[in-house]
2 protein chains.
Amino acid sequence: MSPETTEGTYQVQGQIGFVLRKANQRHVAIFATHIADLTPPQFAALAKLRDVGETSQNQLGGLIAMDAATVKGVIDRLAARGLVQLAKHEVDKRRLMVKLTDEGHRLIVELLPRARTITEETLSPLSAKDAETLLQLLTKIS
Amino acid sequence: MSPETTEGTYQVQGQIGFVLRKANQRHVAIFATHIADLTPPQFAALAKLRDVGETSQNQLGGLIAMDAATVKGVIDRLAARGLVQLAKHEVDKRRLMVKLTDEGHRLIVELLPRARTITEETLSPLSAKDAETLLQLLTKIS
DNA sequence: ACATTTTCATTCGTACACAAGTGATAACCT
DNA sequence: AGGTTATCACTTGTGTACGAATGAAAATGT
């Protein structure tokens, strides 16, 4: 029986929460070596906007799993850098529409190949089959 | 061939970084329902201190994968609540030693069973075998 | 012994992440 | 229509997370 499952023992290092945090740390570190001037959430926002075109802030948050407060900060910083453009929805005055600027579009297209490298490097300790398994299992607990 | 691995396609939702973030989000949410007055990092710090007794702040950070700046914030908040006790190392004047107070010890012992529940609930979408596999694969990429 | 390098802790700045509360607007419902 | 509820965005407050810079103290090398 492994130490993690032994009755009466509790090792933080073996818990799912701890390992998730560490794996994420390593991924973010790898990300930063390949894409220095964008954070993973910022990249996710730009990549998603490229997929869907224009959306509202909240809707975008739903697509990339960020709550309203978080998405606002991310979008504000992207807007300040001229990568996205904001506009009030003409009919529904509550909504704030977001879309890529030309520069934002150019940037995300340029960075997409590097994103693939990041994924590869993060999964490099695993075989292709194990990587696929990991993705599936993680998706199930998400 | 799955969409994620198709040449020329890039879906943020299928990337390891995105799925890691989402899995972690769900875990933290589950954690909060069972242990409301402690965050996962705070819990990790207390649990580790219970294992090792007294350590320095930096050393503790190494054990639970937090850098110096992060660990300081966590420990400060625990100290403010009287759960840990701080003291300068007598010989090495650089080091700040940390240990559980009686209250901190009582609390972490009380919460340990709930931590097991949290782990179980987080992994509940998986079979026992798959859960074990996930732990192993995550550890490999950590 | 003494200069160099490490280590430890702290501080500052930036960036998520989310709960809770607010105000404006839209949708709903009888 | 008019009141209720829901949605959207924003704000505030707390808590990680980490890079970079700083200062004190210890370890190291010659």
Side-chain angles (χ1 to χ4, degrees), chain A residues 17-18 20-33 35-46 54-81 83 86-98, chain B residues 17-18 20-33 35-46 54-81 83 86-98:
Chain A
F18 188 83
L20 276 174
R21 206 175 109 253
K22 276 205 73 173
N24 201 55
Q25 278 176 13
R26 175 163 165 275
H27 173 259
V28 172
I30 290 171
F31 188 101
T33 67
I35 300 182
D37 57 344
L38 231 47
T39 65
Q42 287 169 2
F43 181 89
L46 293 183
E54 199 174 19
T55 0
S56 72
Q57 225 176 234
N58 263 15
Q59 210 169 327
L60 178 62
L63 294 171
I64 54 178
M66 288 180 206
D67 73 1
T70 301
V71 102
K72 177 176 172 32
V74 173
I75 292 301
D76 277 357
R77 284 180 282 274
L78 292 175
R81 292 175 52 183
L83 300 175
L86 305 177
K88 286 245 171 78
H89 187 106
E90 294 182 3
V91 177
D92 187 340
K93 295 179 193 171
R94 294 170 305 178
R95 303 175 74 186
L96 184 64
M97 304 305 286
V98 191
Chain B
F18 188 83
L20 277 174
R21 206 175 108 253
K22 276 205 74 175
N24 200 55
Q25 277 176 14
R26 175 162 165 276
H27 173 259
V28 172
I30 291 171
F31 188 102
T33 65
I35 300 182
D37 57 345
L38 230 45
T39 65
Q42 288 168 2
F43 181 89
L46 293 183
E54 200 174 19
T55 1
S56 73
Q57 224 177 234
N58 262 16
Q59 209 168 327
L60 178 62
L63 294 171
I64 55 178
M66 289 181 206
D67 73 359
T70 301
V71 101
K72 175 175 176 31
V74 173
I75 292 300
D76 277 357
R77 284 179 281 275
L78 293 175
R81 291 174 54 181
L83 300 175
L86 305 177
K88 286 243 171 80
H89 186 105
E90 295 183 3
V91 178
D92 187 338
K93 295 181 193 168
R94 293 169 306 177
R95 303 175 73 185
L96 184 64
M97 303 307 286
V98 191

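We name chains A, B, ... by the order of the sequence lines, and we start the count at 1 in each one.
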Would you say D:dT16 has OP1 or OP2 under 4.0 Å from some side-chain N or O of B:Gln42? yes
If you look at every heavy atom in [X] and [Y], which pair is closest and at what distance?
| X | Y | answer |
| --- | --- | --- |
| B:Val71 | B:Gly61 | CG2-CA, 3.7 Å |
| B:Asn58 | B:Ala68 | OD1-CB, 3.5 Å |
| A:Pro41 | A:Val74 | O-CG1, 4.1 Å |
| B:Gly17 | A:His27 | CA-CE1, 3.3 Å |
| B:Asp92 | B:His89 | N-CD2, 2.9 Å |
| A:Ala65 | B:Phe18 | CB-CZ, 4.2 Å |

Between [atom2] on [N] and [atom1] on [X], what's the gap in Å once rounded to a whole number?
| X | N | atom1 | atom2 | answer |
| --- | --- | --- | --- | --- |
| A:Asn24 | D:dA17 | CG | P | 9 Å |
| B:Leu78 | D:dG15 | CG | C1' | 12 Å |
| B:Lys88 | D:dA24 | NZ | P | 12 Å |
| B:Phe31 | D:dT16 | CZ | P | 10 Å |
| B:Asp76 | D:dA17 | CG | C1' | 15 Å |
| A:Arg21 | D:dA17 | CZ | C1' | 9 Å |
| B:Lys93 | D:dA27 | NZ | C1' | 16 Å |
| B:His89 | D:dA27 | NE2 | C1' | 14 Å |

5'-most contact on DNA chain D (nearest-nucleotide basis), A:Ala29 vs B:Pro41, goes to B:Pro41
By nearest nucleotide on DNA chain D, pick out whichever of A:Val28 and A:Leu96 is the more 5' one. A:Leu96
Between A:Thr39 and A:Glu90, the residue closer to the 5' end of DNA chain C by nearest nucleotide is A:Thr39
Any residue of residues 58-72 of chain A with a heavy atom less than 4.0 Å from an atom of DNA chain D: A:Asn58, A:Ala69, A:Lys72
Has A:Gln57 got a side-chain atom pairing as donor or acceptor with A:Ile75's backbone, closer than 3.5 angstrom? no
Main-chain N/O of A:Ile64 paired with B:Arg21 side-chain donor or acceptor, under 3.5 Å: yes
DNA chain C: first to last nucleotide in contact with chain A (atom under 4.0 angstrom from a heavy atom), 5' to 3', is C:dA15 to C:dA26
Would you mind classifying the nucleic acid contact of A:Val74 as base, sugar-phosphate or nothing, using non-hydrogen atoms under 4.0 angstrom? sugar-phosphate
Listed nucleotide nearest any side-chain atom of A:Gln25, set D:dA24, D:dT16, D:dC18: D:dC18
Sorted by chain and number, sequence neighbours left out, side-chain contact (heavy atoms from CB on, under 4.5 Å) with A:Arg81 holds for A:Asp37, A:Leu38, A:Gln42, A:Leu83
